[in-house]
Amino acid sequence: VALQNETANPVANPVAEAEELVGPSVDRVIWDAYQATRDLHSQTFRAETGFLAAIFEYFLSLNLRRDPKTLLREHEFDSVLATVMLSYDACLPGSPLADAPERLTRKFASIKGALSTAFNHFYDSGESRIPVRAAALSSWFQAIVRHFLDLARLLCLDEGNAVMFLPEPRELFSGTLLATLYLGGAYDAWELQLSADSSQYQWKNFLRRASHIRQDVVQSPFFFKLEEEVSFRAATGNFSMAQ
């Protein structure tokens, strides 16, 4: 009888319950990504894409059981992903554009310059400020990158025979690029409310320009490929994406 009672009422696992409530821990996410990449490819592949997969799996897990008002929106995730694709040097291991022909590499380099120029010209021409939401998004993503880099080095994942390639932070983030891509995406999603003063015309011109350039990035086959790769591991998770 005692044995039956113990079987019917197993002892709860506090670690498992905690992970179920708050999502996977950082060290488990990055170690799972490393093992999955190492198992799927040979050691000579050097786990080039494992770090990006771990970062974006955890980034998406921010939407686990959160208030709908604070969920990451689809255009926000796309803007962060596009920022990484444009920032990551195509010559480095694991670059989303590593297999792109030279013609497309030059095109994306031109897009990157156009985004930076458009934002700098607009920012220097008035008292304009980016939305607080864009600043928060930048802070979240940079914090994830910093912690994952520290953790990967503590676990010595960049050493030994089968290493995980760790890109520098500048290969994963650019504040100017993210601000412009975010504003273009938010404009397309009708999330921006423009003031009725004389700066409205200037804002509209900039936002239309940012939206047009952004579409060249997020509609490209290489962006779809990157989005599919980084979302595959998180597809089995219980998360929601705000529209």
Side-chain angles (χ1 to χ4, degrees), residues 33 37 40 48-63 71-119 133-134 137-138 140-142 144-145 148 165 167-191 206-235 237 239-243:
T37 307
L40 288 173
E48 294 174 353
T49 60
F51 189 73
L52 279 183
I55 286 177
F56 280 103
E57 180 183 356
Y58 194 81
F59 189 55
L60 284 173
S61 75
L62 295 178
N63 274 11
L71 289 175
L72 291 174
R73 298 166 177 83
E74 186 173 355
H75 78 84
E76 293 175 342
F77 177 76
D78 288 347
S79 294
V80 174
L81 201 60
T83 299
V84 172
M85 190 178 79
L86 293 175
S87 301
Y88 209 131
D89 194 323
C91 299
L92 292 178
S95 171
L97 299 177
D99 298 329
E102 185 178 354
R103 172 181 57 84
L104 284 180
T105 303
R106 290 198 300 266
K107 176 184 177 180
F108 283 117
S110 175
I111 290 176
K112 180 179 178 180
L115 286 168
S116 299
T117 301
F119 180 82
R133 178 73 178 184
L137 199 66
S138 301
W140 295 341
F141 185 71
Q142 290 183 89
I144 292 173
V145 170
F148 270 49
F165 179 75
E168 293 295 324
R170 65 175 177 270
E171 305 295 341
L172 301 173
F173 182 79
S174 167
T176 300
L177 292 180
L178 180 58
T180 311
L181 291 166
Y182 172 87
L183 288 169
Y187 178 74
D188 291 338
W190 298 87
E191 290 187 6
F206 167 72
L207 293 173
R208 288 169 181 165
R209 174 66 173 161
S211 171
H212 177 73
I213 300 175
R214 183 180 184 274
Q215 290 302 315
D216 287 340
V217 180
V218 300
Q219 296 297 327
S220 67
F222 281 90
F223 179 83
F224 289 138
K225 178 183 177 182
L226 176 62
E227 188 175 41
E228 181 180 2
E229 289 176 352
V230 302
S231 302
F232 175 76
R233 284 176 52 81
F239 68 90
S240 302
M241 182 74 74
Q243 299 297 323

What's the spacing between T180 OG1 and L86 CG if we round to 0.5 Å?
10.5 Å
Side-chain heavy atoms of F56 within contact of V80, under 4.5 Å:
yes
So, the side chain of Q142 versus the backbone of S138: is there a donor-acceptor pair under 3.5 Å, distance only?
yes
N/O donor to acceptor pairs below 3.5 angstrom from side-chain atoms of residues 169-176, sequence neighbours left out:
unit_1: E171; atom_1: OE1; unit_2: D89; atom_2: N; d: 2.9
unit_1: S174; atom_1: OG; unit_2: L177; atom_2: N; d: 3.4

To the nearest 0.5 Å, tell me how far L60 CG sits from F77 CZ.
4.5 Å
Could you tell me the separation between the CG atom of L183 and the CG atom of L207, rounded to the nearest 0.5 Å?
6.0 Å
Is there a side-chain hydrogen bond (donor to acceptor under 3.5 Å, both in side chains) between R214 and S79 once you walk through the steps?
CA-CA 8 Å; R214 183 180 184 274; S79 294; 3.3 Å; yes
I'd like to know if D216 pairs up with K107 as an ion pair, taking the criterion as any Lys NZ or Arg NE/NH1/NH2 lying under 4.0 Å from an Asp or Glu carboxylate oxygen.
no
Mind checking whether L226 and L97 have side chains closer than 4.5 Å, heavy atoms only?
no
Do NZ/NE/NH1/NH2 and the carboxylate oxygens of E191 and R133 come within less than 4.0 Å?
no
Would you please classify the geometry between the Y58 ring and the F148 ring as parallel, tilted or perpendicular, with 30° and 60° separating the classes?
tilted
Taking all non-hydrogen atoms of both residues, which atom of I55 and which atom of F141 are closest, and how far apart?
CG2-CE1, 3.6 Å
So do Y88 and P96 actually touch side chain to side chain, heavy atoms under 4.5 Å?
yes
What is the distance from atom CG of L92 to atom CD of E168, rounded to the nearest 0.5 Å?
9.5 Å
Parallel, tilted or perpendicular: which describes the rings of Y182 and H75, with under 30° parallel and over 60° perpendicular?
tilted
Quick one, L72 and L137 - any side-chain contact, counting heavy atoms below 4.5 Å?
yes
Minimum-distance pair of heavy atoms, taken over all atoms of Y187 and S211:
CD2-CB, 4.1 Å
Are S220 and M85 close enough that some pair of their side-chain heavy atoms sits under 4.5 Å apart?
yes
So which atom in L52 and which in V84 form the shortest heavy-atom distance, rounded to 0.1 Å?
CD2-CG1, 3.9 Å
Do the side chains of E102 and R106 get nearer than 4.5 Å, heavy atoms only?
yes
Between E227 (side chain only) and F224 (backbone N and O only), is there a donor and an acceptor less than 3.5 Å apart?
no
I need the minimum non-hydrogen distance between R209 and A118, along with the two atoms involved.
CG-CB, 4.4 Å
Which atoms form the tightest heavy-atom contact between V217 and F108, and what is the distance?
CA-CE2, 4.3 Å
A quick test of your reading: do over 12 heavy atoms of other residues, nucleotides or ligands sit less than 6.0 Å from CD of Q219?
yes
Could you state the interatomic distance from CG (L181) to CZ (F119), rounded to the nearest 0.5 Å?
11.0 Å
